[in-house]
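Working notes, structure below.
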There are 2 protein chains.
Amino acid sequence: MSQPDQPTPFVPNPARLPDVGFIGTGIMGGSMAGHLLAAGHRLHVFNRTRSKAEPLVARGAVWHGSPAAVAAAADVVVTMLGEPVDVEQVYFGDSGRNPAGQGVIAAARAGTLLIDMTTSSPVLAARIASTAADRGLAALDAPVSGGDLGARTAALVIMVGGDPKAFARARPLFDLLGRSATLLGPAGSGQRCKLANQVAVAVGMVAWCEALAHARAGGLDPAVVQQVIAGGAAGSWALTNLAPRALAGDFAPGFLVRHILKDIRLAREAAADDAVSYPGLAVAERLYQELAESGHGDQGTQALWAYSASGSSTAPGS
Amino acid sequence: MSQPDQPTPFVPNPARLPDVGFIGTGIMGGSMAGHLLAAGHRLHVFNRTRSKAEPLVARGAVWHGSPAAVAAAADVVVTMLGEPVDVEQVYFGDSGRNPAGQGVIAAARAGTLLIDMTTSSPVLAARIASTAADRGLAALDAPVSGGDLGARTAALVIMVGGDPKAFARARPLFDLLGRSATLLGPAGSGQRCKLANQVAVAVGMVAWCEALAHARAGGLDPAVVQQVIAGGAAGSWALTNLAPRALAGDFAPGFLVRHILKDIRLAREAAADDAVSYPGLAVAERLYQELAESGHGDQGTQALWAYSASGSSTAPGS
């Protein structure tokens with residue numbers, strides 16, 4: 001994770017904003033890139049599905065045919081992708097899905113700042129930072145919480161790992177995207193923080209689902225119980241915001257079941273060598289796994305309610 | 001749970017407030033009884049440890065030598081006890097710890113309203129209501145959340161089971177004790193709601209403890225992570241209010257480990273016949289059980305943090 005303390009040829013020109021490359025302009029990334037564009041940054045974009053970048057191109061963003069081409073054109077490259085395998089491909093390149101076959105680390109000009117905002121693996125983030133440093137590039141991992149709405153309203157919480165100087169350079173961009181950006185530690189630390197967040201989200205979902213299932217099994221109206229208990233020591237963001245949707249039968253995704261499952265697995269993998277056990281997370285993983293296997297992977301995470309209340313799970317020891 | 005629709009000899013006299021009997025004047029009960037006294041109710045008190053009732057007696061409450069004597073003197077009897085076994089003894093009597101050997105159900109005048117505010121068993125609450133109805137008494141189960149502070153500031157959330165007419169009669173008293181009182185259903189429903197609340201509390205504690213343990217195991221400062229994630233989808237009352245105390249090494253009880261363990265067991269027992277499983281609750285029970293067995297039963301529930309972060313638990317499947 002060390003970064004050579006070498007001078008880089010990057011000389012910021014205070015008279016102009018840095019050119020930003022944005023790779024991954026889906027629901028989250030599209031909103032985020034839009035904020036950068038609105039602030040006056042020249043924007044270079046690539047997305048696997050080109051049509052999703054068109055609204056940005058219509059507003060003046062420059063389309064490029066590959067991640068490498070974006071990287072070569074930008075002072076700062078932001079990536080907002082799906083999974084670690086996508087991140088690996090975009091940063092290190094391949095000859096498959098990436099048409100140019102070259103990753104952004106190889107293609108970027110020396111001094112370029114690379115910022116991965118995908119929720120991904122801490123180990124991969126550290127490898128990116130180390131490889132980037134060898135080429136005279138700076139890299140940050142900067143996953144976010146706040147979802148679609150947070151991206152749209154520039155209210156994301158940005159969890160950053162990497163070098164303090166790189167963080168300082170990225171700060172003006174983070175300020176355009178979120179309500180807070182915090183440097184947690186060296187490369188990978190942003191990912192680790194995000195995964196810790198997802199542990200709390202995943203196990204917290206089990207908490208309110210089992211509580212309201214308990215109430216309903218006892219003959220109570222779970223909607224009344226939700227109102228009674230949400231304001232006290234049992235309260236949580238999810239009990240206030242997701243439980244009412246679930247109780248109304250609304251399982252439309254804010255955040256997909258298969259995405260929380262992906263993040264739970266990342267959290268478990270990141271913690272594989274910890275001297276700590278995560279029995280609550282193990283339960284959440286099993287429940288979400290069963291939920292995904294029973295065809296609910298594309299519902300919102302609050303679908304766990306229907307599963308808990310129906311007694312579909314046949315948990316040992318419960 | 002049916003209550004005979006018979007006229008009772010109780011004739012409220014609007015010119016005077018009902019005499020209230022208060023049995024169990026500990027930390028919670030003492031504060032609550034004080035509010036009733038302050039509002040002008042004549043108060044009749046009994047407590048196993050007499051000294052804990054002295055402050056109320058000094059303010060004008062009438063001491064009685066047994067629960068039965070309190071019951072015989074009051075229009076409304078409120079009980080705030082420790083465990084279901086205490087509730088059973090006070091309501092049904094025994095020849096052991098209860099000096100008079102007679103319970104409040106036998107001793108109360110016809111028409112008396114009995115309100116048990118202890119966190120107890122839904123089945124016991126239904127049995128009390130049924131036995132009370134046979135004697136022409138009304139009974140409510142009305143456990144609370146909000147803790148010492150809620151009792152002191154009359155901000156309790158009161159979860160009520162029983163007959164709507166009895167609830168209407170109790171309402172003026174509830175208004176003196178809490179910020180809300182909700183009738184959830186027939187006798188036992190208040191207890192069931194409180195236990196559902198405790199399920200959310202217990203499993204929610206696992207959620208933030210594992211999240212911050214995950215962060216710390218990854219080299220992050222859990223206090224910084226707490227600040228970063230508490231305001232988002234991972235947020236909960238406990239993450240905001242209990243985690244900072246735990247991280248500062250403050251395990252002084254707001255709510256005791258052995259009390260949450262007691263409530264978890266009550267929740268499990270109440271749910272024994274449910275067609276629903278509670279794997280998250282099973283994890284919480286095991287962890288709190290281990291915590292109590294390792295000598296932490298009289299610490300606050302946030303002590304789970306030290307246990308989670310130290311890796312003391314050797315959970316299967318995690």
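What you are looking at is a predicted structure, and each value in this text was computed from that prediction instead of being measured. Protein chains get the first letters and strands the later ones, always in sequence-line order, with residue 1 at the start of each. The basis for the numbers below is simple: all heavy atoms, side chains too, and nothing from hydrogens, waters or symmetry mates.
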If we define contacts as heavy-atom pairs under 4.5 Å, which of [options] has the most with chain B?
options: A/Ala230, A/Gly218, A/Ala233; answer: A/Ala233
options: A/Ser236, A/Gly147, A/Ala270; answer: A/Ser236
options: A/Ala215, A/Pro222, A/Gly235, A/Gly204; answer: A/Gly235
options: A/Ala284, A/Gly185, A/Gly219, A/Ala196; answer: A/Ala196

Contact leader toward chain A among B/Ser180, B/Gly254, B/Ala267, where contacts are heavy-atom pairs under 4.5 Å
B/Ala267
Best-contacting candidate, B/Ala207, B/Ala238, B/Gly150, B/Ala271, against chain A by heavy atom pairs under 4.5 angstrom
B/Ala207
Would you say [X]'s side chain and [Y]'s backbone share a donor-acceptor pair under 3.5 angstrom?
X: A/Gln302; Y: A/Asp250; value: yes
X: B/Lys194; Y: B/Val144; value: yes
X: B/Thr153; Y: B/Leu149; value: yes

Contacting region of [X] [heavy-atom separation from chain A under 4.5 Å]:
X: B/Thr182; value: side chain
X: B/Arg179; value: side chain
X: B/Asp221; value: neither

Is A/Val157 in contact with chain B via its backbone, its side chain, both, or neither, using a 4.5 Å heavy-atom distance?
side chain
Would you name the heavy atoms of A/Leu239 and A/Pro244 that are closest together and state the gap between them?
O-CD, 3.4 Å
Considering all heavy atoms of both residues, which atom of B/Pro84 and which atom of B/Leu266 are nearest to each other, and what is their separation?
CG-CD2, 3.6 Å
With rounding to the nearest 0.5 angstrom, report the CZ to CD1 distance, A/Phe174 to A/Ile158.
5.5 Å
Quick check: B/His214 with A/Tyr278 (ring centres under 6.0 Å apart)?
yes
